[in-house]
2 protein chains.
Amino acid sequence: MPLELSVDRSSPVPLYFQLSQQLEAAIEHGALTPGSLLGNEIELAGRLGLSRPTVRQAIQSLVDKGLLVRRRGVGTQVVHSQVKRPLELSSLYDDLEAAGQRPATKVIVNTVVQASAEVAAALNVAEDSDVHRVERLRLSHGEPMAYLCNYLPPGLFELNTDQLEATGLYRLMRAAGITLHSARQSIGARGATAEEAERLTEREGAPLLTMQRTTFDDTGRAVEFGTHTYRPTRYSFEFQLLVRP
Amino acid sequence: MPLELSVDRSSPVPLYFQLSQQLEAAIEHGALTPGSLLGNEIELAGRLGLSRPTVRQAIQSLVDKGLLVRRRGVGTQVVHSQVKRPLELSSLYDDLEAAGQRPATKVIVNTVVQASAEVAAALNVAEDSDVHRVERLRLSHGEPMAYLCNYLPPGLFELNTDQLEATGLYRLMRAAGITLHSARQSIGARGATAEEAERLTEREGAPLLTMQRTTFDDTGRAVEFGTHTYRPTRYSFEFQLLVRP
DNA sequence: TCAATGCGTATGTCCGGACAATCGAACTAC
DNA sequence: GTAGTTCGATTGTCCGGACATACGCATTGA
């Protein structure tokens, strides 16, 4: 029984995108079972009234997402494993919200400071030039979960404390028209200093999970540098990654 | 001054791949400076004697790698930031070797055991069925750096202790014809148990970086499940990730 | 002076076709 | 029975063209 697929040519949504979304929904929904063959591209194109390149583009986007696997001479199969989503540049806020945790944020510091050598190097600005500094405590179920310290270059956009407590930093940046492109991250661990321990209601020397990140927009500007510490009993980094073929 | 580009039509290497490699080399080498425009696709295609779809395919692969950015009505630009490589499914061994650290491996355990509930769930095999168990100590500059405990389903390939000490697990799997596809990872931290502390020559309770990973091949089979502990003073996870547009 | 309009340019989408490379299975020969 | 060969099926690569869409800039108008 072939899958119900159709495209709307009067829609402004690209045809290949309509198709890829329907296929993805069918996989998610279980209509396309893992391991099942998708049927050959030419026949699929004919059935939908599309050209083969358009169908290929739709399929390729799902291959890139890790949902499909192509085998020459065999066909295109639905991947058999539990693919969730590849690692993306997500904010802690979004992660928690997606998990239904209703995160709370408390802005501790929101000011302008002179860039230290480390911050200046990360943001590619002159040392001692002005940069925004934001320190936030992220809570989940009323308990401290992470301490986030971020630096932003000046003139990027207004850092409103109320907004920072209502949503995540990345969402604010996107809303300000900044196109996030890539980030360099470093994840490590260390014992908590006395100050860190107090912030997170841990004892001194307790193991902490740490993350440093510099984010770039599509022009190559560094738009954010952050140093985060997490309570490992309450947070860990979970993600899926794909092997680039 | 246009860039020197050419393709060899007698080569079995796909034309779009030849072009993308040359462009990538030009970016790496500095012939294409960050921010510079690549020149429009049609003119580029004409200059190389290629069709526009072929040129687009080459460019697209570099966009996917994060090296180029396309802007409608503007052109294609070289990304201005320091892109190294996106996060990939690399083994610790490869990482260390790439950093010129000449890693050493000591196989502590290489045997077959009955799968615990956790291992059975991760590998999707029956509880108490036979699985391979490998425990290795990874050293760098003669000092312990990580303790790696891995489980593999039976019948996948022969786990030779000598080979395990000479190279990484992923390299062995690839050599055995296994096509790695994706992995689910979890990175956290905790204090060392007495046993862990001794293995890594740390004191009990010292902060450790932990990683759990299940790797799948392109048929969806789980081919490996591992629990790793790292000394955070000697190792951290460094990677770059791209925003999927 | 400043905002709205129009235009050129570049990428985005889509088509229909052609041939090559590879996989798997059926078939054949020993 | 087994090994090698052939063959159909399917994806991979490539072509040349067409129109749509969005951005930046110059022109125009108030």
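Quick note on labels: first sequence line is chain A, next is B, and so on, each numbered from 1. Because the structure is predicted, anything quoted here is derived from the model rather than measured.
Among residues two or more places apart in sequence or in another chain, the ring-ring contact (aromatic ring centres under 6.0 Å, His included) test is passed with Tyr16(A) by none. The side-chain contact (heavy atoms from CB on, under 4.5 Å) check on Asn110(A) picks up Val107(A), Val134(A), Leu159(A), Thr161(A), Leu164(A), with sequence neighbours excluded.
For DNA chain D, the contact window with chain B, defined by any atom under 4.0 Å from a protein heavy atom, covers dT13(D) to dG24(D) in 5' to 3' order.
Of the residues in residues 8-17 of chain A, not one places a heavy atom less than 4.0 Å from an atom of DNA chain D. Remark: Arg52(B), Arg56(B) in residues 50-59 of chain B come within less than 4.0 Å of DNA chain C through at least one heavy atom.
Atom CD1 of Ile42(B) and atom C1' of dT9(C) are 10 Å apart (whole Å). Atom CG of Leu68(B) and atom P of dT11(C) are 11 Å apart (whole Å). Between the P atom of dT11(C) and the CD atom of Gln77(B) lies a distance of 11 Å, rounded to the nearest Å.
Using a cutoff of 4.0 Å between basic side-chain nitrogens and carboxylate oxygens, Lys65(A) and Glu24(A) are scored as salt-bridged.
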Please table the atom pairs, donor to acceptor, closer than 3.5 Å between any side-chain atom in residues 31-41 of chain A and protein atoms at least two apart or in another chain.
from     : atom 1 : to       : atom 2 : distance (Å)
Ser36(A) : OG     : Thr33(A) : O      : 2.6
Asn40(A) : OD1    : Ile42(A) : N      : 3.0
Asn40(A) : OD1    : Glu43(A) : N      : 2.7
Glu41(A) : OE1    : Arg52(A) : NE     : 2.9
Glu41(A) : OE1    : Arg52(A) : NH2    : 3.0
Glu41(A) : OE1    : Arg56(A) : NH1    : 3.3
Glu41(A) : OE2    : Arg56(A) : NH1    : 3.1
Glu41(A) : OE2    : Arg70(A) : NH2    : 2.5

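A donor-acceptor contact closer than 3.5 angstrom is absent between the side chains of Asp128(B) and Gln114(B). Judged purely by distance below 3.5 Å, without hydrogens or angles, the side chains of Ser116(A) and Tyr151(A) never pair a donor atom with an acceptor atom. Under 3.5 Å, the side chains of Thr105(A) and Arg138(A) contain a donor-acceptor pair of N or O atoms. Side-chain contact of Asn124(B) with Arg221(B): a donor-acceptor pair under 3.5 Å is absent, judged by distance alone. Between the side chains of Ser186(A) and Glu238(B), at least one donor-acceptor pair of N or O atoms lies under 3.5 Å.
Using a distance-only test at 3.5 Å, with no hydrogens or angles considered, a donor-acceptor pair links the side chain of Gln18(A) to the main chain of Val13(A).
The phosphate of dG12(C) has OP1 or OP2 within less than 4.0 Å of a side-chain N or O from Arg70(B).
Along DNA chain C, the nucleotide nearest to Arg72(B) and the one nearest to Gly73(A) differ in position, and the one closer to the 5' end is contacted by Arg72(B).
When side chains are defined from C-beta on, Ile178(B) counts as touching Val223(B), because their heavy atoms get closer than 4.5 Å.
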